[in-house]
Amino acid sequence: EVDWFSLASILFLLMFAPLIVYYFIMSCDQYQCSLIDPLIDLLTGKKHLSDIWDKTPTLTYRAAGIYALWVTFQVVLYVFIPDFCHKFLPGYVGGVQEGAVTPAGVVNKYQINGLQAWIITHVLWFANAYYFHFFSPTIIFDNWIPLLWCANILGYAVSTFAMIKSYAFPTNAKDCKFTGNFFYDYMMGIEFNPRIGKWFDFKLFFNGRPGIVAWTLINLSYAAKQQELYGQVTNSMILVNVLQGIYVLDFFWNEAWYLKTIDICHDHFGWYLGWGDCVWLPYLYTLQGLYLVYHPVQLGTANAIGILILGLIGYYIFRMTNHQKDLFRRTNGNCKIWGKKPEYIECSYMSVDGTKYYSKLLTSGFWGWARHFNYTGDLMGSLAYCLACDFEHILPYFYIIYMTILLTHRCIRDEHRCFSKYGKDWKRYTAAVPYRLIPGVF
Ligand code: NDP
């Protein structure tokens, strides 16, 4: 059942999320990243909406060509090149892997080759930048707004296709969720794991590539633009590239783990993931680098080191917390957490076909400190990216504000779902680990 608050939020996002992305990118393009100046201009009548719109670059054949080539290249890497990284990288889990059990009791197989796609893409990027010179490394920045229109076209096309597909030829009809509310279904998705053929999985493809592979390339393009404009790359830009680069590489190194996260295990595929991965993620997660092109901040050594330490500690907490849960679940509790046997709560649940399953909730290690300490680490890292941009403008701080809202909402949403899944066992767990994100506070 869709409550009025969820429906209102969905309608708001469907109408305003594309405008929010446009506003942020336009304010950098036309107002040096000031979020206030466009509003002042509009409110005082100095400018009309049409003036801003007229100055906005339109869709170009060049951008359409670049984008089509980019997405096609990522599809080829995803579908046609089976993983070879796991054959020579010790500790890396790639190749064919199983996902979690879906509510209908299906276990999907995935071809995990994201790290390989990331490496090939970046090797080609650097080969071009330093040797072939087919195109300028500033190509992404130089076409940023025309590419935005392409990303929107793909985002809407894939979400609409996913909706039609869920009625016409669903991959697994038993895992479809119809609420009867068109807007909710369009936004949150109907099909659980839509696929084309055996291997092309919409969720895995759209979240990882083109979205996350692009993230580091976009940042590199911003760094190249700084070099072109100012003759140097600032330490803040290097920090943003390095910290976000670690986050992206971590994602691909742990792509098999990603199969066990909420995106894959619980969310259905609709506009939220389809458009979000094509537009929201590459455009808004990279705002710090974009800002630094317009405002090249050179941090003092102490500040730069402080930000680096914050980012690395945040990353460590994020990774270790996720690792502890993954290890615990993979070994069914036969492992050590912080050198000791893990503590946990036994729980059970039913799938829709009435089969009873058993599971365990970890209550030691970071999972004994708070129920989502992985989010806390993620938030510390996110704050570090923003702090690298100094305090002159609010725009680069969008990321930490957004991540705080996203992860707090996600935490509440997940707990609601876990409570419906585990019932009284979940209550025993929340009694054992009473805080969500910050021990003793929240
Ligand atoms: P989690 O990895 O925390 O997964 C939550 C699920 O884990 C629950 O639904 C439950 O699933 C299981 N679980 C919960 N508590 C326990 C426990 N104590 N022991 C064992 N299993 C438990 O959440 P996400 O998938 O949201 O996040 C994964 C990571 O991705 C996080 O670090 C997050 O910060 C990051 N992330 C980043 C985003 C970004 O945009 N940058 C967006 C979203 C997430 P089950 O039904 O199996 O019991």
Side-chain angles (χ1 to χ4, degrees), residues 1-28 31 33-43 48-50 52-53 56 145 148-149 151-164 166 177-191 202-203 206-207 211 262-263 266-287 290 375 378-379 382 386 394-417 436-437:
E1 207 175 311
V2 182
D3 59 85
W4 68 268
F5 181 74
S6 304
L7 186 60
S9 314
I10 280 165
L11 289 175
F12 175 84
L13 281 175
L14 279 173
M15 280 190 293
F16 292 108
L19 284 180
I20 292 171
V21 178
Y22 169 73
Y23 189 83
F24 275 90
I25 305 303
M26 175 282 296
S27 68
C28 280
Y31 288 88
C33 297
S34 166
L35 291 177
I36 307 291
D37 289 353
L39 281 180
I40 294 177
D41 271 6
L42 289 172
L43 291 174
H48 298 288
L49 278 176
S50 56
I52 291 178
W53 185 248
T56 302
I145 295 185
L148 173 63
W149 309 133
N152 268 286
I153 292 169
L154 181 66
Y156 277 97
V158 75
S159 318
T160 308
F161 177 76
M163 176 105 180
I164 296 168
S166 58
K177 187 180 75 178
F178 295 92
T179 65
N181 184 301
F182 173 82
F183 295 109
Y184 187 93
D185 287 353
Y186 184 70
M187 168 111 178
M188 298 310 290
I190 295 172
E191 270 205 85
F202 279 51
K203 270 195 214 166
F206 280 100
N207 193 48
I262 294 176
D263 284 353
H266 308 307
D267 284 345
H268 291 240
F269 187 86
W271 185 87
Y272 172 74
L273 285 178
W275 180 87
D277 292 337
C278 291
V279 182
W280 188 268
L281 191 156
Y283 276 84
L284 296 190
Y285 285 25
T286 56
L287 278 179
L290 180 64
Y375 292 180
D378 208 344
L379 290 174
S382 308
C386 302
I394 185 83
L395 181 133
Y397 285 83
F398 167 81
Y399 190 68
I400 181 66
I401 297 168
Y402 163 74
M403 284 296 279
T404 307
I405 297 170
L406 174 90
L407 293 180
T408 310
H409 175 254
R410 199 174 168 96
C411 177
I412 293 167
R413 191 161 64 99
D414 183 49
E415 300 212 340
H416 185 69
R417 195 196 60 78
R436 284 178 166 132
L437 294 176

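Basis for what follows: all heavy atoms, side chains included, without hydrogens, waters or symmetry-related copies. Given the structure is predicted, the values throughout are model-derived calculations rather than measurements. Along the sequence shown, the residues carry numbers beginning at 1.
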From CH2 (W271) to CE (M163), nearest 0.5 Å: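 Interatomic distance, W271 CH2 to M163 CE, rounded to 0.5 Å: 14.0 Å.
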Rounded distance [0.5 Å steps], OG1 in T56 versus OH in Y22: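 So the gap between those two atoms works out to 2.5 Å.
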Aromatic ring pairing F398/Y402, orientation class (parallel under 30°, perpendicular over 60°, tilted between):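 The rings of F398 and Y402 lie parallel, inter-plane angle below 30°.
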Geometric class of the F206/F269 ring pair [parallel <30°, tilted 30-60°, perpendicular >60°]: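 Plane angle between 30° and 60°, so tilted.
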Step-by-step side-chain contact (heavy atoms from CB on, under 4.5 Å) determination, S9 to F5: CA-CA 6 Å; S9 314; F5 181 74; 3.8 Å; yes
Side chains of T160 and Y186, donor plus acceptor under 3.5 Å: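 Yes, side-chain donor-acceptor contact under 3.5 Å.
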Is the number of heavy atoms from other residues, nucleotides or ligands under 6.0 Å of [X] [atom1] greater than 12?
| X | atom1 | result |
| --- | --- | --- |
| L19 | CG | yes |
| Y156 | OH | yes |
| L11 | CG | yes |

Taking the side chain as everything from C-beta on, heavy atoms only, tell me whether [X] gets closer than 4.5 Å to [Y].
| X | Y | value |
| --- | --- | --- |
| I10 | N181 | no |
| I412 | R436 | yes |
| V158 | W275 | no |
| Y23 | L39 | yes |

Pairs flagged by salt bridge (Lys or Arg N to Asp or Glu O under 4.0 Å) wherever residues 267-287 is involved - sequence neighbours left out: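 Listed once each, the pairs are D267-R413.
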Under 3.5 Å donor-acceptor, D185 side chain and T179 backbone: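 Yes: the side chain of D185 pairs with the backbone of T179.
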Stepwise side-chain contact (heavy atoms from CB on, under 4.5 Å) test for I25 and L290: CA-CA 9 Å; I25 305 303; L290 180 64; 3.9 Å; yes
Ring pair (Phe, Tyr, Trp, His ring centres under 6.0 Å) partners of F178, counting only residues at least two apart: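 Counting only residues at least two positions away or on another chain, F178 forms a ring pair (Phe, Tyr, Trp, His ring centres under 6.0 Å) with Y167.
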